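Step one of this worksheet: look at the structure below.
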Amino acid sequence: MKSSVITFPGSNCDRDMHVALKKFGFNNKMVWHDDNELPKSDLVVLPGGFSYGDYLRCGSMASKSKIMQSVINFANSGGLVLGICNGFQILVETGLVPGVLLRNKYLEFICKNVFIKVDNKNNPYFKNLDKEILEFHIAHNEGNYFCTSDQLKQIEDNNQIAIYYSNKSGKIEDQFNPNGSLNNIAGIFNKEKNVLGMMPHPERMIDKSLSGEDGSLFFKNLINNIK
Amino acid sequence: MEVNEQIAIDHGLKKEEYQKICDLLKRTPNLTELGIFSAMWNEHCSYKSSRLHLKKLPTSGEKVIQGPGENAGVIDIDDGDAIVFKIESHNHPSFIEPYQGAATGVGGIMRDVFTMGARPIANLNSIHFGSPQNKKTKNLLRGVVHGIGGYGNCMGVPTIAGQTSFDSSYNGNILVNAMTLGLVKKDKIFYSKAAGLNKPVIYVGSKTGRDGIHGASMASASFDEKIEEKKPTVQVGDPFTEKLLLEACLELMAGDSIIAIQDMGAAGLTSSSIEMASKGNLGIEIDLNKVPCRESKMTPYEIMLSESQERMLIVLENGKEELAKKIFDKWNLDFAVIGKTTNSKNIELFFDNQKVANIPINTLVENSPMYDRKWKKTKLPKKNKIKKEDLKKLKVKDVLKKILSHPNICSKEWIWQQYDHTVMGDTIQKPGGDSGVVRVHGTKKAVAATVDSSAVYCWAHPLSGGKQIVCESWRNLISVGATPIAITNCLNFGSPENDVNMGEFVECVQGIGEASKHLQFPVVSGNVSFYNQTKEVGIKPTPSIGGVGLIKDYTKMISMDFKELNNLVLLIGKTEGHIDQSLFARTILDEKNGPPPEINLFNEKNNGETMLQLIEKNFVKSAHDVSIGGLITAISKMCIKGNKGIELNKPKSLISEIEYLFSEDQGRYIIEIHPNNLDKVVNILDENSVHYEKLGKIVQNHMTINPKTNITIDELKSYNTNWLTNYMSA
Amino acid sequence: MKVSAIITLKKDVLDPQGKVIQQALDGMGFKDVNEVRQGKYFEIDVKEDDPKKSRKIVEDMCNKLLANLVIEDYKIIEIQ
Amino acid sequence: MKVSAIITLKKDVLDPQGKVIQQALDGMGFKDVNEVRQGKYFEIDVKEDDPKKSRKIVEDMCNKLLANLVIEDYKIIEIQ
Ligand SMILES: Nc1ncnc2c1ncn2[C@@H]1O[C@H](COP(=O)(O)OP(=O)(O)O)[C@@H](O)[C@H]1O
Ligand SMILES: [Mg+2]
């Protein structure tokens with residue numbers, strides 16, 4: 001299986017993602033933001049970090065990079081595009097997934113483990129996953145998902161909510177919401193479910209010596225679904 | 001402008017120093033030259049008050065590849081790998097503008113590390129604030145934490161450990177010390193020594209602006225009352241540009257184009273160009289019109305003294321300019337050939353086709369002033385007579401509650417949760433443990449790092465205090481299963497012109513030296529920050545020690561959380577009941593006098609090495625050193641982290657219960673072992689003549705100290721975890 | 001010409017920053033504050049001498065990059 | 001009254017945001033830009049009906065919290 005990770009100026013989880021994809025069997029290529037063409041890929045990943053320093057709105061300047069036109073075309077033709085953290089913010093800025101990501105509610109960067117509940121398995125990312133609740137890691141300053149009430153209705157009607165912040169047993173309540181995100185939303189699909197943006201970093205949880213191993217489940221399942 | 005004595009004094013130079021400059025030059029310097037002298041000869045760059053004493057520190061050892069004198073120290077961690085590390089202060093700017101001051105401090109220390117060819121793999125910080133009641137403290141703390149996070153998080157380097165304290169002596173002068181570790185291959189280390197004639201001198205990074213002109217002088221002047229009106233220029237950090245600079249430099253370093261490289265830190269282009277030339281025993285020529293400038297009409301004086309961040313100076317091999325330029329273009333960074341190395345042994349500056357400065361480099365470096373300042377010795381204070389009856393009246397639970405929720409003991413999670421501590425995917429011990437630990441990417445090895453200071457002990461008796469911090473650093477590394485290798489130090493003191501403050505400096509350095517020599521834990525890099533004072537009053541002497549150690553097999557790393565019910569808990573080291581200067585004495589008894597705990601370097605070493613033997617044999621399931629707050633504080637933290645309780649045995653000791661639980665005797669560790677291994681463990685301890693006690697056994701969710709004192713783990717947690725969050729949100 | 005623009009969050013979008021600043025002000029004794037909203041300010045110096053054209057250029061920039069029109073509004077406040 | 005204030009970096013202070021935004025605009029084809037400076041905008045609604053007094057209150061806020069006068073300047077641009 002072939003994957004591509006895009007490196008934007010200021011990306012800093014690109015290597016981590018590369019390591020994770022390789023570990024679970026992807027043949028991964030690093031792609032520079034200023035290139036025109038995507039290599040042939042089964043999966044394109046927009047990694048976390050601070051593209052362009054997040055100096056305007058997170059992800060806004062990266063969304064105008066040269067390579068993004070190819071990524072958008074790839075997504076529109078049904079290709080799998082996964083945006084993690086800053087990658088999610090970039091996806092939102094391109095309009096590939098709806099909504100925006102605002103500053104965290106308490107205006108503080110948050111780095112910690114959280115539980116997420118997988119809401120929708122009818123898609124290439126979570127199909128066949130045998131757990132509903134995963135322990136994932138978040139590290140972000142702007143993960144406070146927001147959209148208008150019309151958008152929210154559409155998203156819900158189309159089953160586009162991928163994951164929610166929850167507690168260990170899957171309860172989705174305000175007290176388990178780390179950043180003020182609307183309805184505890186942690187990740188969103190596009191309508192067709194081939195594009196996924198999410199705040200948590202599965203690539204940081206691929207080894208039992210790290211903060212946990214639920215990221216491994218995610219990647220193993222993903223590559224099996226693509227095969 | 002004609003230079004005269006008054007202008008020199010305005011530049012922070014002393015009358016005699018100005019005279020010396022005229023004598024060395026055999027003429028009056030022009031303004032640009034005077035600026036260069038003032039920058040090179042100030043405390044920050046010249047170490048004029050400290051050099052004499054720093055020489056006494058042990059700086060070499062089997063594992064030391066590079067000691068002090070370069071951008072950072074370098075140690076060998078086997079298999080061709082090396083760790084580059086250093087700590088730096090950014091105290092004064094952080095008081096004036098906490099966010100930018102702290103941010104640029106982090107940026108500066110990371111540059112020191114990647115200048116040597118190392119990719120930064122971990123950040124640490126040691127931050128000290130005034131009393132929580134002081135009205136400025138909260139905003140300073142918030143600004144500093146946001147600044148450290150803002151820069152480090154954006155760079156994608158995990159912040160894995162640190163230290164935070166509050167003390168009213170920092171009310172008008174906070175401390176912000178930042179430390180970085182980088183990883184490099186032993187044969188790919190870059191140095192700042194220029195070599196060869198007519199080699200191109202390259203400027204890369206951000207453009208030069210008017211920021212921080214005289215920043216280095218500011219760092220060397222104490223705050224007076226008017227500081228708030230003074231509005232000195234503080235630099236704004238640009239972590240995005242630094243991230244690009246890091247990647248571009250590492251890309252260029254992968255080849256063989258670089259002869260020497262030096263970041264532009266304090267005193268910017270001045271100190272970087274002079275240091276490179278001086279080390280290579282060469283001259284250097286710079287055309288200032290070629291320096292990329294942000295503002296129009298910048299003068300030679302401003303260009304030379306600007307402290308704009310995110311800039312580097314490189315001496316390249318001839319003919320590599322195009323290749324280098326291509327890399328910096330790719331990363332959208334400024335690149336300019338601004339000069340060349342010469343055989344004049346002078347620094348020669350040109351501007352608008354005129355020579356605007358010409359100074360022999362040895363006058364700036366070797367001939368810079370060095371002072372043997374007057375200093376006062378501190379006598380060991382007399383022990384306090386504490387009445388046993390007073391201690392008997394205290395309830396253990398009440399005392400423990402106060403100690404665990406004390407600002408200097410309570411959990412600092414509010415801080416480190418704002419630092420990305422997991423990026424790079426190799427953090428295996430996050431903040432909150434005895435040391436932060438990161439794996440050496442792609443290997444079985446891991447590196448542990450800790451930063452510590454004990455201002456109260458240093459204030460009471462600098463010599464003991466100096467020794468104590470080195471020992472504490474050593475213990476924190478051992479507690480996670482790492483073999484300590486070397487330290488870096490950031491020496492934060494008041495004015496060297498005050499004989500008490502100078503004495504504190506001299507004796508702390510002596511203590512650090514003695515301990516580091518005995519433990520074979522050499523000093524490989526460091527930084528001195530003087531003039532941390534408001535009006536005439538200096539801060540408590542606060543040397544910060546950054547320690548680094550190696551874990552050969554990261555699966556053998558130890559953490560402090562209690563692991564398993566029914567396991568036994570042992571205390572390594574002897575409890576004598578030293579209460580003076582303990583957190584207990586200072587906060588519960590309100591007794592601020594007396595000597596700090598005694599340091600026995602022989603026991604320290606023996607206990608530590610024996611710990612490493614036990615860990616090597618896999619006997620240790622969890623471990624934690626005993627530091628401020630004493631035995632019961634250490635045990636409480638292990639309970640909280642492991643979410644388990646303990647039933648303590650009745651101590652066999654003759655001292656009172658309070659003294660037993662809260663005294664701060666040194667050289668102690670708490671370990672958890674499986675009951676089946678007790679005999680084997682005891683054997684090893686006996687063989688090494690290490691004093692130990694059986695403390696008790698691990699149970700579910702409550703701590704039983706004596707028949708009357710029983711505390712649930714939830715209670716312990718609530719004592720320990722809430723203070724800082726409540727304080728910051730109030 | 002120098003064109004100044006401000007970008008603000010739309011009315012119905014939560015402004016966490018404004019809220020926290022309001023709390024901080026309150027804590028400092030500024031009790032009589034109904035609301036604080038935070039936005040961005042840009043001063044853009046374009047190589048164009050015609051005020052109308054300059055405005056047009058900056059509006060274009062706002063539409064294409066500076067503002068996210070899903071949540072933000074922009075306003076040109078000064079041209080000189 | 002509603003008082004609007006803008007806070008900008010002092011002239012000689014580096015504006016990393018502005019610099020990068022300018023580069024991004026350049027990449028998108030906005031070539032004729034001399035400079036971009038970014039600042040903050042605040043809209044503060046105070047329980048005070050007198051314009052002069054309202055201004056005074058917000059200036060006070062700027063001095064004490066909103067601006068760091070070491071690197072920033074502020075300006076009240078509108079009161080209504
Ligand atoms: N400013 C900080 N940044 C990161 N971690 C911190 C900071 N302050 C404290 N910590 C973490 O909190 C924990 C407690 O610190 P400290 O009380 O100094 O520990 P110890 O007494 O074991 O040396 C440590 O793990 C430390 O790394
Ligand atoms: Mg410790």
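None of these values were measured; they are calculated from a predicted model. Note on naming: letters A, B, ... go to the chains in the order of the sequence lines (proteins, then strands), and numbering restarts at 1 for each one.
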Please state whether the side chain, the backbone, both or neither of I44(D) comes within less than 4.5 Å of a heavy atom of chain C.
both
Counting heavy-atom pairs closer than 4.5 Å to chain C, which one of D60(D), I77(D), I7(D), V3(D) comes out on top?
D60(D)
Neighbour count >12 (heavy atoms, 6.0 Å) for atom NZ, K31(D)
yes
More than 12 heavy atoms of other groups within 6.0 Å of K10(C) NZ:
yes
F42(C), part contacting chain D, at a heavy-atom distance under 4.5 Å
both
Minimum-distance pair of heavy atoms, taken over all atoms of N34(C) and K47(D)
OD1-CE, 3.0 Å
Of Q22(C), K2(C), M28(C), the largest count of non-hydrogen pairs under 4.5 angstrom with chain D goes to M28(C)
Here the pair of heavy atoms bringing M61(D) nearest to L25(C) is CG-CD2, 3.7 Å
Working to the nearest 0.5 angstrom, can you tell me the gap between E43(C) CD and D15(D) CG?
10.0 Å
So what's closer than 4.5 Å to chain C heavy atoms on T8(D): side chain, backbone, both or neither?
side chain
Atom group of I57(D) that falls short of 4.5 Å from chain C, counting heavy atoms:
both
